[in-house]
There are 2 protein chains.
Amino acid sequence: MHSEGVASRSADQRDSARESRNGTPQLDAVSLAIIQQLQEDGRRPYAAIGKAVGLSEAAVRQRVQKLLDQGVMQIVAVTDPLTVGFRRQAMIGINVEGDVESIADALTAMSEVEYVVMTAGSFDILAEAVCEDDDHLLDVINRRIRALPGVRSTESFVYLKLKKQTYMWGTR
Amino acid sequence: MHSEGVASRSADQRDSARESRNGTPQLDAVSLAIIQQLQEDGRRPYAAIGKAVGLSEAAVRQRVQKLLDQGVMQIVAVTDPLTVGFRRQAMIGINVEGDVESIADALTAMSEVEYVVMTAGSFDILAEAVCEDDDHLLDVINRRIRALPGVRSTESFVYLKLKKQTYMWGTR
DNA sequence: GTCGACTGCTGCGGATTTCGCAGCGGTGAT
DNA sequence: ATCACCGCTGCGAAATCCGCAGCAGTCGAC
């Protein structure tokens with residue numbers, strides 16, 4: 001039950017999530033609207049969403065389940081790390097020699113590293129670390145990240161104050 | 001089958017969320033466990049959470065409502081922006097002369113800017129911009145951010161590939 | 001063209017969950 | 001001791017979730 005119909009459909013019916021070349025599904029307007037509803041409130045009832053986007057409760061439920069299965073979105077609780085006991089966060093800019101992606105994978109495997117992105121510019125990788133205190137952060141940066149073979153240099157930006165953190169993509 | 005004796009509330013009954021000096025609530029182990037459950041699945045039923053943390057369904061519901069009201073957490077859908085039609089993202093490092101916080105506030109007001117943090121290090125502010133295409137990104141950086149009075153310089157890191165994006169704080 | 005397979009939507013009951021409220025016990029202040 | 005407050009429990013009613021059967025539209029094959 002995991003069919004991947006690779007076809008181009010023009011009109012209406014099974015166009016909610018078409019696969020594109022790179023494997024990331026293409027979303028139609030209705031799925032986008034559903035996501036938008038759930039970005040406002042992740043627990044909003046399916047029937048209410050259906051009324052908002054013009055679909056039945058069951059249809060919304062099936063679409064949401066599919067979006068979750070495909071990994072397009074996830075419905076989760078997000079918090080301010082400070083209130084859950086993580087007092088030190090930092091963005092770490094990393095320069096790499098050799099294979100950037102393998103370094104990025106190594107960072108991804110670290111539980112303290114919550115965000116990893118490969119970039120163009122004067123850093124090859126940006127990674128966000130969430131730590132309990134300074135010692136913990138120091139350990140992550142100096143003993144774990146800089147120890148990775150291929151890491152040429154790092155620069156750290158310790159967070160002083162988080163001003164904005166939104167999850168309203170597509171709501172604009 | 002995770003039934004744990006997390007709730008030894010013999011000691012203290014009304015300690016689920018006490019206010020500390022700076023106004024951010026202090027969370028006890030049970031609330032943390034609830035958040036953890038909702039980080040795994042934001043739609044998990046209250047009864048299931050209650051079974052996991054050792055509370056009744058109604059108690060979990062009241063706690064969750066309180067956590068939401070206090071702004072400690074929010075339950076939302078999160079997506080990979082690429083799949084929802086935003087093809088260009090960038091982290092922007094900003095140097096400021098004068099009041100850093102007022103610049104940060106101005107950035108916060110921009111809908112394209114999804115993340116703003118004041119930092120120590122060679123940037124005063126890091127901001128993440130989510131845009132539809134290169135033109136849009138260029139407009140945000142050159143015409144809007146650099147136009148802010150007090151912005152001395154900016155440096156951009158265009159995202160090539162998002163490798164990790166987690167919301168599992170406290171799950172470790 | 002018809003046929004068949006596939007996909008997505010609807011509508012429907014039954015099971016489950018959510019919701020509101022009254023009551024209870026522990027804590028701290030008066 | 002008394003009182004007010006707060007969090008937890010338990011319970012019935014309402015709303016929601018869930019699975020399933022049926023229908024309609026598209027696509028590919030013949």
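Below, chains carry the letters A, B, ... as their sequence lines are ordered, and counting in each starts from 1.
- Two residues are said to be in side-chain contact when any heavy atoms from C-beta on lie closer than 4.5 Å; A:Thr166 and A:Lys164 meet this criterion.
- Ionic pairing of A:Arg63 and A:Asp28 is present here: one or more N-O contacts between side-chain nitrogen and carboxylate oxygen are shorter than 4.0 angstrom.
- OP1 or OP2 of C:dG8 has at least one side-chain nitrogen or oxygen of A:Lys66 nearer than 4.0 Å.
- Summarising the local packing, CZ of B:Arg87 is surrounded by 12 or fewer heavy atoms from other residues, nucleotides or ligands at distances under 6.0 Å.
- Looking at residues 48-60 of chain A, you'll see A:Leu55, A:Ser56, A:Ala58, A:Ala59 sit with a heavy atom under 4.0 Å from some atom of DNA chain C.
- Among B:Asp124, B:Ile145, B:Val100, the one residue that satisfies the side chain to side chain contact (heavy atoms under 4.5 Å, CB included) test with B:Ile94 is B:Ile145.
- When each of D:dC17, D:dC8, C:dT17 is scored by its nearest atom to the side-chain atoms of B:Arg63, the top-ranked nucleotide is D:dC8.
- Look at CD on A:Gln65: it is 13 Å from C1' on D:dG19, rounded to the nearest Å.
- Taking Ile, Leu, Val, Met, Phe, Trp and Tyr as members and joining any whose side-chain heavy atoms lie under 4.5 Å apart, directly or through other members, the hydrophobic cluster of A:Val117 also contains A:Met91, A:Tyr115, A:Phe123, A:Leu126, A:Phe157, A:Tyr159, A:Leu162, B:Met91, B:Tyr115, B:Val117, B:Phe123, B:Leu126, B:Phe157, B:Tyr159, B:Leu162.
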Begin with the C-alpha distance, continue with both residues' side-chain angles, and end with the deciding distance and a verdict on salt bridge (Lys or Arg N to Asp or Glu O under 4.0 Å) for A:Lys163 and B:Glu101.
-> CA-CA 9 Å; A:Lys163 295 288 291 185; B:Glu101 192 132 16; 3.1 Å; yes

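- Both A:Gln62 and A:Arg44 lie near DNA chain D, and the one whose nearest nucleotide falls closer to the 5' end is A:Arg44.
- To the nearest angstrom, P of D:dC18 lies 11 Å from CG of A:Leu68.
- Rounded to an integer number of Å, the gap from B:Leu38 CG to C:dT17 P is 15 Å.
- The phosphate of D:dT16 has neither OP1 nor OP2 within less than 4.0 Å of any side-chain N or O from A:Arg61.
- Taking atom CD of residue B:Gln37 and atom P of nucleotide C:dT17, one finds them 14 Å apart after rounding to whole Å.
- D:dC8 atom C1' lies 16 Å from atom OH of B:Tyr46, rounded to whole Å.
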